[in-house]
Number of protein chains: 2
Amino acid sequence: MKPKITLKDIARELEVSISTVSKALKNSEEISRDTKEKVQAFAKLYNYKPNNIAISLKNKRTKNIGVVIPDIVHHFFTTVIRGIEKYANAKGYNVIVCLSEESFDKEVINMEMLANGSIDGFIMSLSSETQQKGDFNHLKEVTDQGIPVVLFDRITNEIDCDKVIIDDELGAYMATKKFIEQGKKNIALITTDDYLSVSKARTQGYLKALKESKLGVDESKILRMPSMEMDEKGIKDFFDTHKVDAVLCVNEIFAVYSMRLAQQKGLKIPEDIAFIGFTDGLLSKYANPSLTVVSQHGEKMGEVSAMLLIDKVESEEEEETYQTKILEPTLVIRDSIFH
Amino acid sequence: MKPKITLKDIARELEVSISTVSKALKNSEEISRDTKEKVQAFAKLYNYKPNNIAISLKNKRTKNIGVVIPDIVHHFFTTVIRGIEKYANAKGYNVIVCLSEESFDKEVINMEMLANGSIDGFIMSLSSETQQKGDFNHLKEVTDQGIPVVLFDRITNEIDCDKVIIDDELGAYMATKKFIEQGKKNIALITTDDYLSVSKARTQGYLKALKESKLGVDESKILRMPSMEMDEKGIKDFFDTHKVDAVLCVNEIFAVYSMRLAQQKGLKIPEDIAFIGFTDGLLSKYANPSLTVVSQHGEKMGEVSAMLLIDKVESEEEEETYQTKILEPTLVIRDSIFH
DNA sequence: TATTAACACGAAACCGTTTTCGTAATACAT
DNA sequence: ATGTATTACGAAAACGGTTTCGTGTTAATA
């Protein structure tokens, strides 16, 4: 056991003052060549590394960023984290991940834990419960304290801060349009309740495309699930009672599961029924047939979020100007539709 | 903007000393009823929360744990993180996640960043490069400094610390045995080079089961990929040149991709060819047919790791006794084999 | 030789807490 | 009236750094 060595230790051993050691290690002009060499050699020998906590306390900067997300097992969020990590690490920041698990209370608790000095800023995506409740006081408190926040994907307009989203409406619009172009007539949508900002936007895109076409909207072809969680029975019932030849799903799990149901009914994909999902995850790529998806570019989203946050954290002036970056979704064509 | 309030602020406003405020907030017996009430009311009114960084510096405890893993997009690791989060959060700890991305250098850099006071201990799974190099000095340095480390899944015997693994050999043994019982004669293994501790153990389990049976080992039926990364061509070539009726894969991606290849050749699963993978992820569950897997119980692994680590962190005596927890793998039977 | 500038370093404050120890003021016993 | 407990609080050190400012010594200048 060789415990960490401190400035004080070096100062004692070398019989100089702590300030001299500190300056010598920073190569300050104030210190003589001799002393600097002596101190630096000693520090190197004993592998001196400054204590991050002490520096944080002094600088009031932790070089940590807090990420609060609903879930980590969903592929989309993991790619976002990867993007955040990538950018943040390159800038010398660490990432503290907290999971709200779609719970409002956990989101609040996690934010409070981190807001007391542990982090320089937040990157977050709201839990479904928070979006449902519409209570954003915990966010307001944090921004009021001058802690920068970046919201991504699941955002709210009630908080003034930087935001990063993809154009969910456009994504759904593109997908639906694709179905229409390919001659599909009965296009279903499997989504969730509108309290989830992304589901709402996607539903709008779907509706928009249908309204623009001669097909028109048939509300009965929209299945609204209570949450993003899988409900096998709900989907099964829907397929047993509705005849459709194309399905747009707000995530990939709904889509892949639906594909399996269709196959069990003996339907051919994409001839009899075609599928498009959201989120370009492993599931879509390795499904059988592979699933066409609207890619949300999670990694890019993470990078952009981290960039916005770190810019704010490191900018001296506290400008009160916020931007919303809207990323373009792209359609990744695979075997679940014609091509 | 209302910035955070400190003890000093309260002391100034109430015209008492900082120590009195500190004690009053802790309900110390030393302080009179009146003063305590006054201070506590004031603190509540201005929403005083102690600064974590200052407390960390004082206590030499951060209540942060560092998690260094090769990748976050793999389902297994995300479930482990979730398990860690769950336990750690319940104990009041935050989780700092760093990704090595299978790179030795990144692993070293991340550990060094965190080891200088940012965390109370590490939970990690080694990068493939680290296992390949066999260089564990960065781990040794950390443990030498008295920072507790828990290794999970991808471990090494060269470091004395707590470890959590599943019995990979047993898992592979169980899976192979299952194939044999079901009458499969040509059982292939798709694995990686042996430098990955888990692949090595799984290969041993596979070999053991075959040796025990009358089938015996046929080395040509083992495909060793250079890494856990997908190499579509490698697998395709293997299937084009080998006739097999059962395949054990060390991860789910290899398995799901192999299943698709088999289906493209017109083979029936599981009649003509059966599949078992490792890692019980979304992919296995939603594959078509669904994939039988050896479950690694990632979440449990995370919980156990966090428990071991926090126990060490919070124990006063620095016992030099380490344990290795070996979790039992379980076979999750799905449609890719008979049942 | 007296004055000044440059150099090299140390003392001390500070970041926000916790905690030990000392002490003034009061109450009580003798 | 004197001595002793008890109460209620404050001063100060400590955690490990950074940074400002002051100062003694030497060297250069007038």
Side-chain angles (χ1 to χ4, degrees), chain A residues 3-40 42-43 46-64 113-120 145-147, chain B residues 3-40 42-43 46-64 113-120 145-147:
Chain A
K4 293 232 78 114
I5 190 178
T6 70
L7 286 188
K8 196 195 273 188
D9 299 328
I10 302 182
R12 185 175 2 88
E13 291 305 312
L14 263 37
E15 298 184 305
V16 292
S17 76
I18 293 178
S19 11
T20 301
V21 177
S22 176
K23 290 170 192 163
L25 289 174
K26 297 197 125 49
N27 242 317
S28 159
E29 292 302 325
E30 259 183 85
I31 307 298
S32 73
R33 200 174 224 299
D34 275 9
T35 311
K36 280 197 280 195
E37 277 171 5
K38 197 174 57 177
V39 171
Q40 287 170 8
F42 190 94
Y46 287 93
N47 193 28
Y48 168 79
K49 295 276 166 53
N51 180 308
N52 291 332
I53 299 292
I55 293 179
S56 293
L57 184 58
K58 184 93 244 275
N59 298 349
K60 296 169 152 251
R61 283 282 188 78
T62 61
K63 287 247 167 190
N64 287 154
M113 271 189 83
L114 295 181
N116 302 123
S118 300
I119 49 93
D120 296 338
Q145 280 172 32
I147 302 178
Chain B
K4 293 232 78 114
I5 190 178
T6 70
L7 286 187
K8 195 196 275 189
D9 299 328
I10 302 182
R12 185 176 2 87
E13 293 303 313
L14 264 38
E15 297 185 305
V16 292
S17 76
I18 293 178
S19 9
T20 300
V21 177
S22 177
K23 290 170 192 162
L25 290 175
K26 297 196 124 50
N27 241 318
S28 160
E29 291 302 325
E30 258 183 85
I31 306 298
S32 73
R33 198 173 228 297
D34 276 8
T35 311
K36 281 198 278 195
E37 277 171 5
K38 198 174 58 175
V39 171
Q40 287 171 8
F42 190 93
Y46 287 93
N47 193 28
Y48 169 78
K49 295 278 166 52
N51 180 308
N52 290 333
I53 299 292
I55 293 179
S56 293
L57 182 58
K58 186 94 243 279
N59 298 349
K60 295 167 151 257
R61 283 282 189 79
T62 62
K63 288 247 168 190
N64 287 153
M113 271 189 82
L114 295 180
N116 301 124
S118 300
I119 49 94
D120 296 338
Q145 281 172 31
I147 301 178

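Quantities reported herein were computed from a predicted structural model and do not represent experimental measurements. Lettering follows sequence order; numbering is per chain, from 1.
- Atom CD1 of B/Ile55 and atom C1' of C/dT17 are 6 Å apart (whole Å).
- Counting only heavy atoms from C-beta outward, the side chains of B/Ile119 and B/Ile147 approach each other to under 4.5 Å.
- Taking every heavy atom of residues 29-36 of chain B and every atom of DNA chain D, pairs under 4.0 Å involve B/Glu30, B/Ile31, B/Ser32, B/Thr35, by number.
- Here the closest non-hydrogen pair linking B/Phe42 and B/Leu14 is CD1-CD1, 3.5 Å.
- In this structure, A/Lys60 atom NZ and C/dT17 atom P are separated by 9 Å, rounded to whole Å.
- A/Gln40 has its side chain within reach of A/Asn27: a pair of non-hydrogen atoms, C-beta onward, lies under 4.5 Å apart.
- Here the closest non-hydrogen pair linking A/Ile10 and A/Ala43 is CD1-CB, 4.1 Å.
- On a pure distance criterion of 3.5 Å, no polar donor-acceptor pair joins the side chain of B/Lys58 and the base of C/dT17.
- Nearest heavy-atom pair across A/Asn52 and B/Met113 is ND2-O, 2.9 Å.
- Between B/Tyr48 and the phosphate of C/dT17, there is a side-chain N or O to OP1/OP2 separation shorter than 4.0 Å.
- Atoms CG (A/Asn51) and P (D/dT18) sit 10 Å apart, rounded to a whole Å.
- With rounding to whole Å, B/Lys8 atom NZ is found 12 Å from C/dA13 atom P.
- When the C1' atom of C/dC15 is taken as reference, atom CG of B/Asn52 falls 15 Å away, rounded to whole Å.
- Between the CD atom of B/Gln145 and the NZ atom of A/Lys4 there is a distance of 3.5 Å, given to the nearest 0.5 Å.
- You'll find the side chain of B/Thr62 reaches within 4.5 Å of the side chain of A/Ile53, heavy atoms only.
- Considering every non-hydrogen atom in both A/Leu7 and A/Ser22, the closest pair reads CD1-CB, 3.9 Å.
- Residue A/Glu37 contributes atom CD, which lies 13 Å from atom P of C/dA8 at whole-angstrom precision.
- Contacts between residues 10-26 of chain A and DNA chain C, counted as heavy-atom distances below 4.0 Å, involve A/Val16, A/Ser17, A/Ser19, A/Thr20, A/Lys23.
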query: Yes or no on side chain to side chain contact (heavy atoms under 4.5 Å, CB included) for B/Ile5 and B/Asn47, after CA distance, side-chain angles and deciding distance?
result: CA-CA 8 Å; B/Ile5 190 178; B/Asn47 193 28; over 6 Å; no
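- Taking atom CG of residue A/Leu7 and atom C1' of nucleotide C/dG10, one finds them 14 Å apart after rounding to whole Å.
- Following rounding to the nearest Å, B/Asn59 (CG) and D/dC15 (P) show an atom-to-atom distance of 13 Å.
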